[in-house]
There are 2 protein chains.
Amino acid sequence: MAYQSESLIAQAREIREASGVSQRALSERAGLTQSHISQIESGKMEPGLSSFIDLTRALDLEVMLVPKKLVPAVLSLVKARATRDMHIHAGQPNDKRFARAERLVKKMKHLYGSSADLDRIEDTLRFLRRFNISDQEMQLVRALIARLERYQASAQAAPVVRDIAQNLQQLRNSIVHAAPSEPRPAYSLDDGDADADA
Amino acid sequence: MAYQSESLIAQAREIREASGVSQRALSERAGLTQSHISQIESGKMEPGLSSFIDLTRALDLEVMLVPKKLVPAVLSLVKARATRDMHIHAGQPNDKRFARAERLVKKMKHLYGSSADLDRIEDTLRFLRRFNISDQEMQLVRALIARLERYQASAQAAPVVRDIAQNLQQLRNSIVHAAPSEPRPAYSLDDGDADADA
DNA sequence: TCGAACGATACACTATTCTATATCGCATAG
DNA sequence: CTATGCGATATAGAATAGTGTATCGTTCGA
């Protein structure tokens, strides 16, 4: 099925395997379930565009639109470097946290209905996830996520959710402002703290 | 919604509009319905991966996976090409074609008398020539010019000419409509228009 | 031989895509 | 004023994506 996407998916799979990432590991980083990934990779299911993007992003890839004429050029460019370049930092607790948080939000939307604030949180999480954020910033994010988890089922969740949304938004804004167009210099490779919180 | 895919979809839309392809036309080529395309473009719906691929293929684009590190490189490659294509370079084939087409129209007016349609064609050609148009748009223009050349002396020229005038007009409209706030490079670059008549 | 991690699969259920068709308001050309 | 083409929108139904959870067979290392 889905003849068009086959090659892209196969590509993604190859890269995943070449990077030594298991479906389960990827599923956490991408925010999908392992079973989902399995079915996508084996062609039993066709992913939505954003699922696919989530997948590829978790593999350090970008989905790009390229004019047909330029495909060979881009291809040669990519291939030249791709073979030895693909290495993924194995454990990235931050990513895990984000994935977890995103799933939490998704679940909340399910259970209690969508809301502007939840949408905003979701978007902002996705945004922040793409950036290499500093430890300090991540601490804030972690605190906010923890708070969200704590209050998810409470009766007064609404104002809390709103507050969290606002905080995340502010963080995002500050980052955007600080980084006009430049790629951030990749900090955050340290993060010595084990990932054991709930 | 779907923060990740937004930019890709926006890109596709820009390209569609820049190419003067309507949603309806695209829907036929891509095998989706117009309403579907509308909802995707306006963010009201998230396309499946293969729908998106269908869309982009119909726009002469390829969806590619690029390692994050190479994104800037690829981007510059694509952009360079795009701007080069959109740039009016004196002595480029595009300009030649326009010059030729304008001469042809002038000749026709001479021989067969002026007409509203011919006037419109002339007008539109002048407009388009001054504008930076993409490859795809130019292909359409070329096709239309070729048709004009073919039918210039035929007995049933009139309806053909009218049709061509209409097509050009539409192209023009779509371009104007598509670029409300967009920083198109170099309008006033060459109002002097030294005109490479090589 | 045991156990852990891998990928594949099943199943029940929900949410969403996608089609098909029709209409709307709007701009523009005849 | 009428016709046409544009994009946005509505609605109903069929198809399928996606979740959550659980299991299976296999491979591999201890």
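Order of the sequence lines fixes the chain letters, A, B, ..., with proteins taken first and strands second; residue numbering starts at 1 for each chain.
Between the CG atom of A:L32 and the C1' atom of D:dG18 there is a distance of 9 Å, rounded to whole Å. Between the C1' atom of D:dA8 and the CE atom of B:M45 lies a distance of 13 Å, rounded to the nearest Å. Across the protein-nucleic acid pair, A:E28 atom CD and D:dT19 atom C1' stand 15 Å apart, rounded to whole Å. Between B:F52 atom CZ and C:dC18 atom P there is a gap of 12 Å when expressed in whole angstrom units. The nearest whole Å value for the distance from the CD1 atom in A:I40 to the C1' atom in D:dT16 is 13 Å. For the pair A:L55 CG and D:dG18 C1', the interatomic distance rounds to 12 Å; values are reported in whole Å. In this structure, A:D54 places its CG atom 16 Å from P of D:dA17, rounding to the nearest Å.
Counting non-hydrogen atoms under 4.0 angstrom, A:G20 reaches nothing in the nucleic acid.
Taking 4.0 Å as the cut-off between side-chain N and carboxylate O, A:R57 and A:D54 do not count as a salt-bridged pair. Ion pairing between B:R13 and B:E17 holds under the 4.0 Å rule for side-chain N and carboxylate O.
A:E46 places a side-chain N or O within donor-acceptor distance of the main-chain N or O of B:S50, the cut-off being under 3.5 Å. Between the side chain of B:T56 and the main chain of B:F52, a donor-acceptor pair closer than 3.5 Å is present.
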Query raised in the report: Given the rule in the salt bridge (Lys or Arg N to Asp or Glu O under 4.0 Å) test, do B:R24 and B:E28 qualify, once you have shown the distances and angles that lead to the verdict?
Result: CA-CA 6 Å; B:R24 283 189 168 85; B:E28 292 197 2; over 6 Å; no
If you restrict it to nitrogen or oxygen atoms, what contacts under 3.5 Å exist between nucleotides 6-9 of chain C and the protein, and what is each distance?
from  : atom 1 : to    : atom 2 : distance (Å)
C:dC6 : OP1    : A:S22 : OG     : 3.2
C:dG7 : OP1    : A:R16 : NH1    : 2.8
C:dG7 : OP1    : A:Q23 : N      : 3.4
C:dG7 : OP2    : A:Q23 : N      : 2.8
C:dG7 : N7     : A:R24 : NH1    : 3.2
C:dA8 : OP1    : A:R13 : NH2    : 2.9
C:dA8 : OP2    : A:Q23 : NE2    : 2.8
C:dA8 : OP2    : A:S38 : OG     : 3.2
C:dA8 : N7     : A:Q34 : NE2    : 3.1
C:dA8 : N6     : A:Q34 : OE1    : 3.3
C:dT9 : OP2    : A:K44 : NZ     : 3.0

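Listed by chain and residue number, A:T33 satisfy the side-chain contact (heavy atoms from CB on, under 4.5 Å) test with A:R103 (two or more places apart in sequence, or in another chain).
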